[in-house]
Number of protein chains: 2
Amino acid sequence: MITRTVPDIVVGRLPRYLQALEHMYREGIKTTSSQELGEAIGISAAQIRKDLSQFGEFGKQGTGYSVAFLVEQLQSILKLTRIWDLALVGMGDLGNALARYQGFAEHGFRITAAFDNDPEKIGKEVAGLIIQDSREMKRIIPSLGIKIAMLTVPASVAQMVAEELVDAGIRAILNYAPISLNLPDDIHVENIDPIIKLQHMTYYLD
Amino acid sequence: MITRTVPDIVVGRLPRYLQALEHMYREGIKTTSSQELGEAIGISAAQIRKDLSQFGEFGKQGTGYSVAFLVEQLQSILKLTRIWDLALVGMGDLGNALARYQGFAEHGFRITAAFDNDPEKIGKEVAGLIIQDSREMKRIIPSLGIKIAMLTVPASVAQMVAEELVDAGIRAILNYAPISLNLPDDIHVENIDPIIKLQHMTYYLD
DNA sequence: CATTTTTTGTGCGTATTTTCACAGAAAAAA
DNA sequence: TTTTTTCTGTGAAAATACGCACAAAAAATG
Ligand SMILES: NC(=O)c1ccc[n+]([C@@H]2O[C@H](COP(=O)([O-])OP(=O)(O)OC[C@H]3O[C@@H](n4cnc5c(N)ncnc54)[C@H](O)[C@@H]3O)[C@@H](O)[C@H]2O)c1
Ligand SMILES: NC(=O)c1ccc[n+]([C@@H]2O[C@H](COP(=O)([O-])OP(=O)(O)OC[C@H]3O[C@@H](n4cnc5c(N)ncnc54)[C@H](O)[C@@H]3O)[C@@H](O)[C@H]2O)c1
């Protein structure tokens with residue numbers, strides 16, 4: 001049996017399935033179908049079944065899927081059955097909002113270290129975290145085994161700071177700076193940029 | 001001449017081209033090529049040329065593209081040659097960070113109205129905006145001609161508030177709540193959700 | 001117990017998206 | 001001027017992604 005590598009576009013949809021399923025779980029819904037799940041998130045039922053079939057058989061004909069079981073399976077596929085430590089770099093307005101956001105902890109992501117290079121900010125506490133000097137990243141990040149960073153520094157320094165993060169052993173970066181980072185191929189970068197999203201939407205407006 | 005409708009996936013890449021080109025412009029770079037632009041953002045040169053060819057011929061053989069001219073053209077295609085007014089709904093941590101973010105204004109997006117339903121917050125000022133009662137959305141939004149909203153309320157009320165926004169004449173929503181909104185097909189919704197992005201990345205990590 | 005209904009997993013055809021590769025235009029070099 | 005180099009725009013090919021439609025399994029109904 002050959003283990004075909006799963007397309008990234010499929011992997012990218014799994015968290016959306018998981019989000020909807022966890023919502024159903026909280027609502028007390030025990031069972032769902034590809035049809036119902038698809039309607040909830042605007043994806044065709046066939047697509048969902050095809051995507052899931054990449055990883056195994058999780059449903060029962062005539063019945064559909066057990067919500068709790070499918071949540072478990074998706075968490076396992078996405079490696080969410082452990083706690084992931086995060087580094088947060090750049091404690092300005094956005095960094096502070098992220099530090100206080102409860103959603104990360106609720107989903108097994110723990111912000112374990114916060115960094116800035118502003119002497120005024122270093123040493124201050126935010127949401128139970130002491131802001132540390134970003135010159136210490138290379139020492140602290142490996143010592144805590146952190147593999148994922150959220151980058152909320154100004155665009156002008158984002159590339160440089162990203163390189164420092166990679167140097168410190170970071171393997172994945174969630175980049176909020178409005179610039180595309182140029183990093184080695186084995187570093188996973190995802191971008192969050194509201195301007196890009198707004199510009200996408202204006203195309204369709206008058 | 002048939003005006004083939006441009007694939008959404010192509011439209012979605014244009015803001016990224018624009019971002020990189022504006023960066024080049026600020027750096028004083030006058031001319032670029034599909035090759036160079038592609039390397040800057042990690043997209044193949046052929047892809048960029050194909051995408052642009054959907055809208056016209058913007059380059060010169062042997063020379064490439066004038067950065068300033070291509071910026072102008074992309075802005076025009078994406079309808080960015082005007083100011084877009086935005087409504088910001090939900091003035092918690094994230095809403096406040098967004099209200100203070102300068103990037104919107106720098107790109108022609110003006111947050112014109114901010115709403116919340118918390119009596120403690122209504123009337124307060126944030127970044128020059130007076131927070132208004134969200135019960136007034138239906139009156140205020142049309143009166144200011146606002147078509148785009150950023151939604152930063154708790155997930156539990158996001159669907160309801162989104163429907164109120166549509167009712168108030170909003171045509172496009174940038175949704176930060178971790179839930180998929182169910183709205184009429186002609187409303188453009190884009191989601192920003194860091195958890196979804198992190199869960200995508202963990203798949204590739206050990 | 002037989003029949004009908006529901007719903008999965010998937011083979012296969014279709015549609016969409018990406019890449020290739022090259023003619024031709026402009027610029028640079030000879 | 002002629003030749004060489006550079007780089008676009010685009011058909012055609014290749015690769016990827018999507019969706020239909022159905023056998024098979026389970027549950028519900030009669
Ligand atoms: N605020 C928002 O809502 C928002 C929204 C979208 C994107 N962004 C982007 O996110 C980033 C941060 O935005 P912000 O509004 O919080 O900006 P900000 O200026 O408030 O914060 C940036 C922080 O980064 C720190 N910093 C600067 N250089 C550093 C370095 N070399 N190492 C470590 N820390 C450093 C600064 O001291 C500051 O605390 C920017 O790139 C911005 O474009 C912000
Ligand atoms: N804070 C973050 O960094 C962050 C990151 C990602 C996503 N989010 C999401 O963004 C949303 C807001 O996050 P937050 O941390 O700012 O939460 P928050 O609780 O600080 O703010 C929510 C705000 O919405 C207001 N609100 C509640 N019901 C409302 C209604 N019916 N009409 C108008 N306003 C209403 C509240 O009064 C509050 O001011 C949440 O859905 C959250 O999951 C937040």
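In what follows, chains are A, B, ... by sequence order, proteins preceding strands, each numbered from 1. Just so it is clear, the structure is predicted and the values come from calculations on it, not from any experiment.
Listed pair B:T63 / C:dA26 fails the phosphate criterion, with no side-chain N or O lying under 4.0 Å from OP1 or OP2. For B:Y65, a side-chain nitrogen or oxygen approaches OP1 or OP2 of D:dG9 to under 4.0 Å.
Side-chain proximity of B:S53 to the nucleotides D:dT10, C:dT17, D:dA24 is greatest for D:dT10. When each of C:dT19, C:dT8, D:dT8 is scored by its nearest atom to the side-chain atoms of B:K50, the top-ranked nucleotide is C:dT19. Residue B:E57 places its side chain closer to D:dT10 than to any other of C:dA26, D:dC18, D:dT10. For B:S34, the side-chain atoms get nearest to D:dT8 when compared with the rest of C:dT17, D:dA27, D:dT8. With C:dT8, D:dT8, C:dC20 as the choices, the nucleotide that has an atom nearest any side-chain atom of B:A46 turns out to be C:dC20.
For A:R49 and D:dC18, the CZ to C1' distance is 13 Å, given to the nearest whole Å. Remark: P of C:dT17 and CG of B:D51 are 10 Å apart, rounded to the nearest angstrom. The distance from atom CD1 of A:I9 to atom P of D:dT16 is 12 Å, rounded to the nearest whole Å. Atom CG of A:D8 and atom C1' of C:dT17 are 15 Å apart (whole Å). Remark: P of D:dG9 and CG of B:L37 are 13 Å apart, rounded to the nearest angstrom. C:dT18 atom C1' lies 6 Å from atom CD of B:Q47, rounded to whole Å. Between the P atom of C:dG24 and the CD atom of B:Q61 lies a distance of 10 Å, rounded to the nearest Å. One interatomic measurement links the two molecules: CD of A:E36 to C1' of C:dT6, which rounds to 13 Å at whole-angstrom precision.
The closest side-chain donor-acceptor pair between B:E163 and B:N182, if any, does not fall under 3.5 angstrom. For the residue pair B:Q159 / B:E164, no side-chain donor-acceptor distance below 3.5 Å is found, with atom types taken as modelled.
Between A:V126 and the options A:I111, A:L98, A:D116, A:N96, a side-chain contact (heavy atoms from CB on, under 4.5 Å) holds for only A:N96.
Both tests hold for A:K79 against B:Y203: distance to the six-membered ring centre under 6.0 Å, angle to the ring axis within 45°.
With sequence neighbours excluded, the residues forming a ring-ring contact (aromatic ring centres under 6.0 Å, His included) with B:F104 are B:Y101, listed by chain and number.
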